[in-house]
There are 2 protein chains.
Amino acid sequence: MQISKGVEWAVHAASMMAALPEGRGLKAAALAHYHGVPTAYMAKQLQALSKAGIVQSSRGAHGGYRLAKPATDISLWDITAAIEGHGPAFRCTEIRQNGPCGLKRKDCKRPCQIAAAFSSAERAFRDSLKAVTLAHIGLQVVRDSEPEHLSDIMHWLESEVMPLSDTP
Amino acid sequence: MQISKGVEWAVHAASMMAALPEGRGLKAAALAHYHGVPTAYMAKQLQALSKAGIVQSSRGAHGGYRLAKPATDISLWDITAAIEGHGPAFRCTEIRQNGPCGLKRKDCKRPCQIAAAFSSAERAFRDSLKAVTLAHIGLQVVRDSEPEHLSDIMHWLESEVMPLSDTP
DNA sequence: GTTATTCGGACATTTAATATCCGAATAATG
DNA sequence: CATTATTCGGATATTAAATGTCCGAATAAC
Ligand code: SF4
Ligand code: SF4
């Protein structure tokens, strides 16, 4: 029951993009270098975000990534699901159909109480993550950081931010 | 973000033991055969439950496993944690300390909002599983099963159940 | 004491996560 | 419009973890 490291990186990258002005983006290498992680693997996560419709990508010179929708519409669950997949964590293999007292498939129309309990727990997990958006994260970062640190970030952004072409 | 198959097997095995009369047990091979899973791997999960204090084991002839405490005191989270470990699913690698704008370790006294959000979601997951005990599962199995099927189970139990020695 | 039996941990195998590489596509440039 | 520099995209190795298997240590019956 481990969450991939890629989720952490993707959330950080998305939070960074949420701080950019409208129409600007960052290339994968910049996002990776900023966080001190392998470039190619960070790129893989951004690819997953792109396929999920969370970010838009532009190729070629001055290409890069930007958010595909407002930060208020992107929850931590959206990002987690994009990287880890939407499937349930508890995989029921229907072993009640096995063995000497196995049930017939006909009697397994609905999930049992064990599967239902795990399903309910996962729903609670999802709902908790759905309640937190990138907008919330950004707001709290601004509130909790030293002004000096925010200045550093702004300075770095100015040196790396790319004016993306408008037609992806 | 996958939960090990061993969790499913362990929950099933524990539910089976919860149906036994006081002082009786089942050997690992019987539990594995009943569920149609590899014997040695089921044994591994039972070992984990034993180390976690959820079941008691007795070795030697007429040995086997039994619950170490009442079914009302064993939750699905207890079993999940025994198999999967107690560590958090979201592993924060403190990448905010990396890169050109990395924070000093001094400024990372408390977890950030991202880590806090995942921690909160995992707490919701745990609390949901903690609310379901083996007693609940057993009660619902009896209510939802065909009498014919329950009879099959009772019959099988009588042929496989072992009177464990009282001093583990 | 002997023996049959069972659990316990050490040992392979398979799968998934992690990390990397090179080709396809795009926009700037002349 | 052709060229070229640049960037994303998917296919490809490598490593860690989950899965599956085995044999010795311990115990109780005899
Ligand atoms: S968890 Fe429930 S549905 Fe899944 S195999 Fe077990 S009894 Fe069947
Ligand atoms: S999730 Fe939070 S605590 Fe963890 S590395 Fe990112 S900023 Fe730091």
Side-chain angles (χ1 to χ4, degrees), chain A residues 1-10 13 17 25-33 35-52 55-66 68 80 83-85 87 89-91 93 95 160 162-168, chain B residues 1-10 13 17 25-33 35-52 55-66 68 80 83-85 87 89-91 93 95 160 162-168:
Chain A
M1 193 170 52
Q2 296 284 72
I3 293 176
S4 163
K5 272 200 260 186
V7 171
E8 182 186 8
W9 301 358
M17 285 186 268
L26 286 165
K27 59 185 182 182
L31 285 166
H33 180 247
H35 296 101
V37 298
T39 302
Y41 195 34
M42 170 64 94
K44 194 187 176 93
Q45 316 305 331
L46 291 169
Q47 231 168 283
L49 292 182
S50 179
K51 274 196 271 193
V55 303
Q56 275 187 348
S57 66
S58 298
R59 294 209 266 200
H62 297 95
Y65 291 96
R66 77 185 96 173
T80 304
I83 306 295
E84 293 277 341
F90 181 82
R91 296 162 291 171
T93 55
I95 63 177
E160 286 289 350
M162 295 285 172
L164 292 188
S165 59
D166 285 338
T167 58
Chain B
M1 193 169 54
Q2 296 284 71
I3 292 176
S4 163
K5 273 199 260 185
V7 171
E8 182 186 9
W9 301 357
M17 284 186 270
L26 285 166
K27 59 184 181 181
L31 286 165
H33 181 247
H35 296 102
V37 299
T39 303
Y41 195 32
M42 170 64 94
K44 194 187 176 94
Q45 316 305 330
L46 291 168
Q47 233 169 281
L49 292 183
S50 179
K51 275 196 270 192
V55 302
Q56 275 187 346
S57 66
S58 297
R59 292 210 267 198
H62 297 96
Y65 291 96
R66 77 184 96 174
T80 304
I83 306 294
E84 292 277 340
F90 180 83
R91 296 162 290 172
T93 54
I95 63 177
E160 285 289 349
M162 295 287 171
L164 292 189
S165 60
D166 285 340
T167 58

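Toward the 5′ end of DNA chain D lies the nearest nucleotide of A:G60, the other residue of the pair A:G60 and A:Q47 mapping further downstream.
Between the side chain of B:E84 and the main chain of B:S4, a donor-acceptor pair closer than 3.5 Å is present. Not one N or O on the side chain of B:Q2 forms a donor-acceptor pair closer than 3.5 Å with the backbone of A:M1.
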Could you list all N or O pairs between the protein and nucleotides 14-17 of chain C that sit under 3.5 Å apart?
none

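For the side chain to side chain donor-acceptor pair (under 3.5 Å) test, no residue two or more places apart in sequence or in another chain qualifies with B:Q45. By the side chain to side chain contact (heavy atoms under 4.5 Å, CB included) test, A:A28 is found to be paired with A:A43, A:L46, A:Y65, residues two or more places apart in sequence or in another chain being considered. Listed by chain and residue number, nothing satisfies the side chain to side chain contact (heavy atoms under 4.5 Å, CB included) test with A:Q47 (two or more places apart in sequence, or in another chain). Qualifying side chain to side chain donor-acceptor pair (under 3.5 Å) partners for B:T39, counting only residues two or more places apart in sequence or in other chains: none. Every side chain to side chain contact (heavy atoms under 4.5 Å, CB included) that B:A52 has, sequence neighbours left out, goes to B:I54, B:A82. The ring-ring contact (aromatic ring centres under 6.0 Å, His included) test applied to B:H33 returns no partner, not counting sequence neighbours.
We find that CE of B:M17 is positioned 13 Å from C1' of C:dC7, with the value rounded to whole Å. D:dT7 atom C1' lies 14 Å from atom CG of A:L26, rounded to whole Å. The distance from atom CE of B:M42 to atom P of D:dG20 is 12 Å, rounded to the nearest whole Å. Between the CD atom of A:Q45 and the C1' atom of C:dT18 there is a distance of 9 Å, rounded to whole Å. Atom NZ in B:K27 sits about 17 Å away from atom P in D:dA28, given to the nearest Å. One can place CD1 of B:I83 at 16 Å from C1' of D:dA17, the figure rounded to the nearest angstrom. Here the C1' atom of nucleotide D:dC8 and the CZ atom of A:R59 are 5 Å apart, to the nearest Å. The separation between B:H62 atom NE2 and C:dC7 atom C1' is 16 Å, rounded to whole Å.
Listed pair B:S57 / C:dG8 meets the phosphate criterion, a side-chain N or O lying under 4.0 Å from OP1 or OP2. Checking the phosphate oxygens (OP1, OP2) of D:dG9, a side-chain nitrogen or oxygen of A:S50 falls inside 4.0 Å.
For the atom pair A:T93 OG1 and B:K5 NZ, the distance stands at 6.5 Å (nearest 0.5 Å).
Here the side chain of B:A61 is nearest to one of D:dC8, C:dT5, C:dG8, namely C:dT5.
Residue A:A28 is in sugar-phosphate contact alone, with no base atom involved, counting any heavy-atom pair closer than 4.0 Å across all strands shown.
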- Could you run down nucleotides 11-16 of chain D 5' to 3' and tag each one B, S or - for protein heavy-atom contact under 4.0 Å? ------

